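So that the names make sense, note that chain A is the first sequence line, chain B the second, and so on, each numbered from 1. All values reported here derive from a predicted model rather than from experimental measurement.
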Amino acid sequence: MPIATQAGGVLMSASRYSPRDIEPKWQDRWEKAGLYRSVEDPSREKFYCLEMFPYPSGDLHMGHMRNYAIGDAYARFLRMKGFNVLYPMGYDAFGLPAENAAITRKVDPGKWTRSSIKRMVDVQKRMGLSYDWSRTLATCEPEYYRWNQWIFLKFMEKGLAYRKSAPVNWCPSCQTVLANEQVEGGGCWRCHSTVQKKDLKQWFFKITAYADELLEDLEHLEDWPERVKTMQKNWIGRSEGAEIDFKVVDSDQVISTFTTRPDTVFGITYMVLAAEHPLVEELVKGSKSADGVRKFVKKAQEKTLIERTDETREKEGVDTGRTFVNPATGEKFPIYVADYVVMEYGTGAVMGVPAHDQRDFEFARKYGLPVRVVIQDDTGLLTGNTMTQAYVENGVMVNSGPFDGRPNREAMPDFVSYMEEKGWGREALSYRLRDWLISRQRYWGTPIPIIYCSQCGEVPVPEGDLPVILPSDVEFTGEGNPLETSETFLNVACPNCSGPARRETDTMDTFIDSSWYPFRYTDPAYDKAPFDPAKAAYWMPVDQYIGGIEHAILHLLYARFFTKGLRDLGLTDANEPFKRLLTQGMVIKDGAKMSKSMGNVVPADEMMERYGADTARVFILFASPPERELEWSDQGVDGSYRFLNRVHRLVMENLSLFADVAGVTGQGDENVRSLIRVRHRTVQKVREDIERRFQFNTAISAIMELVNEIQRFIAGNGTKGEGAASAVSDALRTTILLLAPFAPHLAEELWEAVGHGESVFKCQWPSYDQELVVSEMVQMVVQVNGKVRARFEAPPGTPKESLEKTALGMPRVQELTEGKEVVKIVVIPGRLVSIVVK
RNA sequence: GGGGGAGUGGCGGAACUGGUAGACGCACAGGACUUAAAAUCCUGGGACGGUAACGUCGUGAGGGUUCGAGUCCCUCCUUCCCCA
């Protein structure tokens with residue numbers, strides 16, 4: 001390899017930067033040396049850095065690349081800082097695409113998935129990511145999913161897994177049920193088909209048992225983005241209020257409703273049941289209104305959830321002809337069925353207080369129901385007949401028996417106690433969060449380890465018989481659950497009585513797989529439990545988790561629940577899985593999210609083919625701060641490529657300087673001292689940008705500035721002067737180290753070229769000297785009446801009086817202050833002198 | 001309808017605690033090298049006026065606090081995300 005030399009004034013060309021040669025070379029060496037293997041070591045401080053593992057579709061897109069570029073830069077930085085870093089990768093390998101491929105193309109989902117994983121690993125390796133590949137996992141392997149089954153059984157013992165019949169979300173296109181979290185705006189989160197309601201007997205995880213803890217612990221997650229916490233908080237939706245019982249007239253039925261406004265009970269003038277409410281049929285059976293109500297129920301159920309809860313839509317309802325008693329007043333009022341009430345919230349029954357709830361008000365006006373004011377405003381003039389909208393603010397209670405005259409907010413607790421004494425109702429909490437429905441009528445997932453026996457009922461598969469393996473003798477027809485076509489799977493002897501029995505054919509929601517995988521990485525081959533508690537105790541929790549904001553509720557809430565569940569099984573001490581969370585922004589091109597359907601995808605492997613992995617990584621990190629959207633620009637990539645080329649050339653052209661063994665003395669002229677100062681400042685800035693602000697874009701631009709400075713220095717001073725050679729070589733060496741987390745291959749190549757035998761990642765992150773960071777002179781600005789009018793230089797630490805004097809003495813300043821009265825002078829050392837004149 | 005982001009040159013973005021707005025990069029223009037091009041290097045650049053030094057305006061719009069506001073407060077507009 002020819003080395004550039006400057007001989008006789010003729011610059012001989014240095015060997016060109018060739019990522020195509022450099023990158024595979026170093027990837028190979030890293031792997032052979034096992035450089036990124038991590039081993040538990042209690043004497044060292046650990047750091048667990050993790051990216052959300054991908055669904056292996058086979059294609060690595062820019063969103064993935066961004067995710068990994070961030071995580072890898074951070075992991076490499078931390079290694080150089082001396083941490084014992086765990087940085088693994090795995091695959092969220094169960095899911096519908098593999099099964100759909102099986103239906104349409106007759107390929108085995110396992111084969112399809114494994115080959116996709118292979119393709120992804122290949123691209124990830126070419127990116128030069130520093131994963132500990134010995135810890136990799138795929139959730140579709142029995143060695144992994146057997147522990148889903150094991151945890152399911154343990155949860156069952158604890159009462160955290162149970163089976164019940166309930167109206168559930170059914171996606172007609174995916175042919176499966178969905179959890180509440182997986183219904184977005186009334187549609188399936190995956191295919192957007194309108195979700196229907198179906199009554200089915202299904203398995204649930206009792207996430208509601210942790211509702212309060214999940215809510216309260218959000219407070220301790222200081223390093224989570226506020227908006228993710230807000231989203232989770234809203235999702236859990238805890239509200240305080242009361243549950244009130246209403247007797248149905250001419251019946252022994254009691255209907256309970258939850259309300260956050262028990263103070264308005266005296267104003268109840270009707271009640272509404274959801275179309276799905278189990279009592280509806282019973283109430284109208286045999287009555288003359290039965291037909292009309294049934295028709296209405298059917299119509300309501302055909303509407304989507306969005307339609308039904310749209311507040312701008314006119315509410316529709318139908319009178320059941322039945323009445324109930326308002327316990328506060330003893331009066332009888334009608335019971336309606338209406339489309340705006342759904343079973344999802346509270347109890348599926350709502351008490352109607354038209355005067356103080358806008359929806360109730362509109363409904364009451366439409367159907368001519370009485371409006372009764374029980375909270376009066378400041379004017380005291382509200383009346384049911386004249387008001388044009390509900391009064392929802394606070395006020396003074398009226399028409400409320402013994403509570404008349406009291407401010408409603410303040411009286412609320414007393415009112416609830418009063419209700420409890422009278423036996424009308426009780427204090428209650430309500431959550432929006434529902435238990436997690438985990439059954440899926442699909443093949444490519446973890447079989448639920450349950451056997452149904454006509455004698456013994458639901459029998460858990462004994463722990464010793466795990467895993468229940470997914471059978472391969474199934475038919476993919478596109479209709480029904482393929483598992484039902486496997487006779488070998490279906491028929492089994494009851495573990496209890498040995499009689500003939502049938503296996504559960506539903507599989508688990510794939511979000512279960514991703515709910516505990518960070519634990520599995522700590523010991524992916526462990527075969528006595530999901531993970532070795534000792535190893536998990538060392539590594540968990542994840543110190544830095546990185547992924548898309550789209551998982552703010554789903555995955556992140558489930559994983560938090562699982563961690564608490566595993567803790568209560570005694571497997572871990574961790575309360576939370578992720579200490580710090582970074583939500584990366586989307587990758588945008590031509591104004592739209594980069595996606596296959598938009599046709600604006602830039603494939604990762606193509607990028608690396610053209611520019612190499614280092615360029616791609618540098619550009620992705622440089623173009624935008626991680627949390628924000630990233631606007632893709634092909635020209636921008638050229639810029640990053642040019643930058644790396646420049647670094648390469650600069651080092652290769654100056655290799656001779658590195659032979660100089662003498663350290664940096666700090667001797668030399670002002671230019672030398674300035675170069676040294678920039679070098680130390682850059683080290684400080686890059687470190688702070690990565691560590692404290694997680695802002696790689698400004699870190700990289702600081703390195704660019706250092707490189708510009710070195711180049712300018714060489715062009716101006718050359719390297720012959722006193723201290724010049726050592727200052728330049730030190731600055732270049734520093735550049736290589738600072739660049740290492742972002743462009744690891746190039747850094748290794750140059751590190752070797754300048755004469756180091758060991759990997760750059762075994763080196764300490766460069767340090768800086770606080771004294772050298774400080775400038776010899778600082779620029780001061782002089783403002784007159786808020787406008788910058790002059791500048792001067794002063795050494796740091798100059799006293800205020802002296803700065804003020806200098807400023808006032810400047811000709812330009814004198815010109816502007818002449819004949820005027822100086823009203824005020826503000827001096828900020830190191831920044832400015834601000835003079836106010838009149 | 002509720003909650004939360006974001007809005008800065010032609011573009012991506014910087015400005016960390018209220019203190020020189022536009023770092024760094026892209027695109028662009030001029031120049032050097034070259035027979036020519038590519039690559040590379042140098043120079044320029046928010047807008048308007050001026051040969052200039054300088055002046056005026058300028059961070060979505062309008063108001064306010066302050067010696068000083070991209071940054072803080074109020075009202076509004078646009079846009080994205082989440083929940084309805």
Out of B/C67, B/C41, B/G25, minimum distance to the side chain of A/Gln711 belongs to B/C41

Scan A/Thr230 against the nucleic acid and name what it touches under 4.0 Å (heavy atoms): base, sugar-phosphate only, or nothing. sugar-phosphate

Using a 4.0 Å heavy-atom cut-off, does A/Arg646 contact any base of the nucleic acid, only the sugar-phosphate backbone, or nothing at all? sugar-phosphate

Answer yes if the ring centres of A/Phe694 and A/Tyr74 are under 6.0 angstrom apart, and no otherwise. yes

Does anything in residues 696-710 of chain A reach RNA chain B, meaning a heavy atom under 4.0 Å, and if so which residues? A/Asn697, A/Thr698, A/Ser701, A/Met704, A/Glu705, A/Asn708

Base, sugar-phosphate, or nothing for A/Glu627, non-hydrogen atoms under 4.0 angstrom? nothing

Contacts under 3.5 Å, N or O only, protein and nucleotides 77-81 of chain B:
none

Considering only heavy side-chain atoms of A/Gln635, the closest of B/A39, B/U56, B/A27 is B/A27

Base, sugar-phosphate, or nothing: which does A/Val781 touch, judged by heavy atoms less than 4.0 Å apart? base

Dot-bracket notation for RNA chain B is requested: 5' to 3', Watson-Crick or G-U wobble pairs only, both distances under 3.5 Å, with ( ), [ ], | and . as defined. (((((((..(((......[....))).(((((.......))))).((((....))))..(((((..]....)))))))))))).

Residues A/Gln584 and A/Asn67: side-chain donor-acceptor under 3.5 angstrom: yes

Given the side-chain rings of A/His680 and A/Tyr768, with only the six-membered ring counted for Trp, is the space between their centroids under 6.0 Å? no

What nucleotide, of B/G13, B/C16, B/C54, holds the atom closest to the side chain of A/Pro625? B/G13

